[in-house]
Q: 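Before I ask anything, let me first share the structure, which is written out below as structure tokens.
Just the heavy atoms: all of them, side chains too, but no hydrogens, waters or symmetry mates, feed the values below. Predicted model, so just to flag it, every value in this text is computed and none were measured. Chain identifiers are assigned alphabetically (A, B, ...) following the order of the sequence lines, protein sequences preceding nucleic acid strands; residue numbering begins at 1 within each chain.
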Number of protein chains: 2
Amino acid sequence: MSNSNPGPRRRRGSDQPTLKQVADAAGVSPITVSRALNTPERVNEATRARVIEAVDKLGYVPNLVAGSLASASSRFIAVIVPSLANAVFIEVIRGLQETFEARGYQILLGNTDYDLDREYQLVRTFLGWSCSALVTAGLRHSDACHGLLGHWDKPVMEVMELGEALDLNVGLDHQEAGRCMARHLLGRGYRSIVYVGACLDRDYRAGMRFAGHCQVLDAAGLDAPLIELDRLGSLEAGAAGLDQVLGDFPEARAIHFANDDLATGALLHAQRLGLRVPGDIAIAGFNGLPLGQHVTPRLTTIQSPREAMGRLAAEQVLRRLDHQPVTQQQQDVGFTLMVGQST
Amino acid sequence: MSNSNPGPRRRRGSDQPTLKQVADAAGVSPITVSRALNTPERVNEATRARVIEAVDKLGYVPNLVAGSLASASSRFIAVIVPSLANAVFIEVIRGLQETFEARGYQILLGNTDYDLDREYQLVRTFLGWSCSALVTAGLRHSDACHGLLGHWDKPVMEVMELGEALDLNVGLDHQEAGRCMARHLLGRGYRSIVYVGACLDRDYRAGMRFAGHCQVLDAAGLDAPLIELDRLGSLEAGAAGLDQVLGDFPEARAIHFANDDLATGALLHAQRLGLRVPGDIAIAGFNGLPLGQHVTPRLTTIQSPREAMGRLAAEQVLRRLDHQPVTQQQQDVGFTLMVGQST
DNA sequence: CGCTAACATGTTAGCGCTACCATCTTTCTA
DNA sequence: TAGAAAGATGGTAGCGCTAACATGTTAGCG
């Protein structure tokens with residue numbers, strides 16, 4: 001039986017040209033092509049030119065998966081946030097993205113939907129991609145997640161809040177922010193103040209602000225009633241929150257909202273109801289979104305530097321990745337009380 | 001010289017446990033572990049249990065980079081948008097992300113900053129990651145980018161607008177949207193109508209809406225003056241746009257803004273100036289953002305189903321990835337004229 | 001009981017790239 | 001001019017996983 005030789009086993013990869021083919025076309029070895037593309041300064045200029053020519057001719061696109069496997073590191077940065085529906089996280093992401101992208105890193109975005117188990121799953125997946133670093137919103141994680149990240153040898157950055165962190169930490173003190181606004185309202189002479197939040201178990205940073213708020217009111221010997229809405233921040237929810245305050249606490253003279261979406265929703269709703277702000281009811285928010293600064297009366301709120309927080313976090317991580325000393329593991333980006341006409 | 005044998009050359013990868021180690025711990029071969037994790041139905045239940053046990057004991061995290069290299073495909077979906085500063089793209093991304101993540105795909109997000117060369121670079125990078133599909137906002141690409149995507153054998157989805165697409169296409173007809181609003185304004189009796197846009201060369205979809213707007217005004221024998229602002233949509237820019245209209249076209253009775261951010265900024269600014277809307281000047285927008293629906297008077301605008309567009313696009317891509325027939329390569333998600341009190 | 005089909009598992013050979021070491025050439029120094 | 005140092009390039013051996021094929025094992029059938 002003169003059967004034809006079955007030949008070596010073949011697999012089809014992608015049919016894209018490979019480094020090897022570029023090398024052949026340029027008359028050099030594969031490693032030289034690799035160097036010409038990744039560390040051009042280590043290759044003779046003339047050689048590099050020939051390589052680039054071959055790359056263009058063949059339409060070569062480097063296989064980054066193979067490169068990452070061989071070098072045991074990708075240029076991915078894992079970024080984990082609880083929600084994409086909240087402008088706050090989007091702005092932090094923007095700061096991160098800008099800064100990392102400029103340095104050739106690619107963001108891998110994950111959304112936990114405020115679920116710590118989901119976060120753990122995302123972390124697992126992202127570790128599987130040999131990310132160069134991981135940035136996550138918040139200091140609260142599941143035990144399993146702590147276990148994974150604790151043993152990981154790459155930079156871990158926790159943003160948004162300050163506290164006991166795994167590694168790097170950039171954020172602001174939410175409790176102090178809550179105290180700050182409560183003090184402002186007291187300073188304005190309000191004594192009957194209601195806090196309105198939404199899902200404080202999930203948006204626990206708002207819960208921390210509420211805690212600060214309570215401290216100040218307690219110290220002044222005042223009640224600190226809370227109304228908790230069952231859906232996250234939105235203009236609609238804010239309007240509903242105002243209605244609830246008017247119903248449950250007719251004596252209320254000021255409302256401290258957990259965020260600007262709620263506060264602005266309430267403010268616009270108050271106008272529709274014919275209520276004067278702050279004459280009939282004062283309204284304060286948190287975040288400093290543009291929205292609240294363009295309504296009349298302008299919203300009193302606390303500005304948090306979100307995009308800057310993202311940028312700073314990225315810079316710290318990059319410094320670590322460049323093996324430069326990180327001056328401070330923890331950095332407070334602070335906040336600014338912006339007094340508008342709504343209080 | 002009885003030097004010790006240098007032994008085989010060693011490289012350190014990550015010191016994470018590997019499939020092989022799990023296999024040894026479970027007393028099976030590596031491929032069985034692979035199958036137990038990826039295609040559990042192809043492995044005996046008892047074996048699978050032993051594998052899972054070993055995985056947990058060792059804290060094994062699969063190396064997805066290696067898996068992707070071996071299988072020549074990652075579970076990445078490349079998503080390219082021109083900006084993260086615009087709520088519109090965020091909402092489309094949210095629709096995409098939700099749908100893809102539920103099916104175990106990971107979004108790779110890229111931001112072109114409205115630069116087609118940047119888009120080409122991103123596409124190159126993403127192809128290098130063996131993405132399963134690519135979703136990009138818009139139908140306009142550089143020639144180089146067309147070249148790359150034209151030869152690519154994975155699904156390509158272009159969203160936001162409708163037209164001659166590379167492969168799949170989900171969006172809406174912006175020119176028709178422009179016509180629709182112009183007709184509405186004419187129907188309301190306005191004759192002196194100014195269009196205010198921002199960077200129409202970059203936000204060319206707004207340019208398409210302007211083109212539709214012009215058609216309708218032309219047909220009615222009316223002028224269609226344009227004011228173009230030099231920064232992208234924001235409340236501030238909208239306020240500036242109103243000022244410019246009042247200065248340059250004192251006879252203007254209505255302003256058709258390119259988007260809701262501009263329109264709402266102008267509306268709030270008009271209130272600060274003491275102008276009646278629509279009595280002194282009518283204002284219309286585009287997008288149907290919540291913002292515009294909560295000001296008084298409520299903004300007349302055109303609602304585009306952004307999150308739904310993202311979901312639909314993702315579903316079409318998934319259908320293709322599942323080798324199911326795609327009923328329509330092109331799908332129009334339409335839009336809705338929402339008449340408020342601002343016109 | 002022999003034959004086949006379905007299931008379960010293993011063996012082998014890469015996927016395309018880069019780390020590591022080796023080699024060769026050129027330049028500089030004493 | 002020898003010897004060292006620096007620069008340029010190449011060979012080899014994996015990185016950790018899965019595709020493709022091969023083999024063994026059990027069930028099903030007349």
Q: Send over the distance from B:W129 CH2 to C:dC17 C1', rounded to a whole Å.
A: 12 Å

Q: Would you confirm whether the ring centroid of A:W152 sits within less than 6.0 angstrom of the ring centroid of A:F126?
A: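 So the answer is no for these two rings.
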
Q: Should we count CG of B:D143 as having more than 12 external heavy atoms under 6.0 Å?
A: no

Q: Measure CD1/A:I31 against P/D:dG7 and give the value in whole Å, please.
A: 18 Å

Q: Roughly, in whole Å, what's the span from CZ in B:R35 to C1' in D:dT18?
A: 10 Å

Q: Looking only at side-chain atoms of A:L69, point me to the closest of C:dT11, C:dG16, D:dC17.
A: C:dG16

Q: 5'-most contact on DNA chain C: A:P30 or B:S29, nearest heavy atom basis?
A: B:S29

Q: Categorize A:V28 for me: base, sugar-phosphate, or nothing, with a 4.0 angstrom heavy-atom threshold over every strand shown.
A: sugar-phosphate

Q: Just to be sure I understand the rule, does B:V43 reach a base, reach only the sugar-phosphate, or reach nothing, if contact means heavy atoms closer than 4.0 Å?
A: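 Sugar-phosphate, no base atom in range.
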
Q: For B:R50 and C:dA8, give me the distance from atom CZ to atom P, rounded to whole Å.
A: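 In whole Å, C:dA8 P and B:R50 CZ are 14 Å from each other.
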
Q: Does atom NE2 of B:H146 have more than 12 heavy-atom neighbours from other groups under 6.0 Å away?
A: yes

Q: Looking at D:dG16, C:dC17, C:dT18, which one has an atom nearest to any side-chain atom of A:A66?
A: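 Ranking D:dG16, C:dC17, C:dT18 by closest atom to the A:A66 side chain puts C:dC17 first.
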
Q: Quick one, A:E315 with A:R311, criterion salt bridge (charged side-chain N to carboxylate O under 4.0 Å, His left out). Give me CA distance, side-chain angles, the key distance, then yes/no.
A: CA-CA 6 Å; A:E315 282 159 10; A:R311 272 197 303 270; 5.3 Å; no

Q: Distance check needed: D:dC15 P versus B:Q16 CD, whole Å only.
A: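 Checked: the CD to P distance equals 15 Å.
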
Q: Starting at atom CG of A:D24, determine the distance to atom P of D:dG11, rounded to an integer number of angstrom.
A: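 After rounding, the gap between these two atoms is 11 Å.
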
Q: Out of C:dG16, D:dT18, C:dG10, which nucleotide sits closest to the side chain of B:L19?
A: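 Nearest to the side chain of B:L19 among the choices is D:dT18.
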
Q: Please report, rounded to the nearest Å, how far the P atom of C:dT18 is from the CG atom of A:N38.
A: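 Rounded to the whole Å, the gap is 5 Å.
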
Q: In whole angstrom, give the distance that lies between atom CD of A:E45 and atom C1' of D:dA8.
A: 14 Å

Q: Measuring only between side-chain heavy atoms, which start at C-beta, is A:R103 closer than 4.5 Å to A:D322?
A: yes

Q: Determine the contact category for A:S68: base if any of its heavy atoms lies under 4.0 Å from a base atom, sugar-phosphate if only primed atoms, P, OP1 or OP2 are that close, otherwise nothing.
A: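 Nothing: the residue A:S68, judged by heavy atoms under 4.0 Å, touches no strand.
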
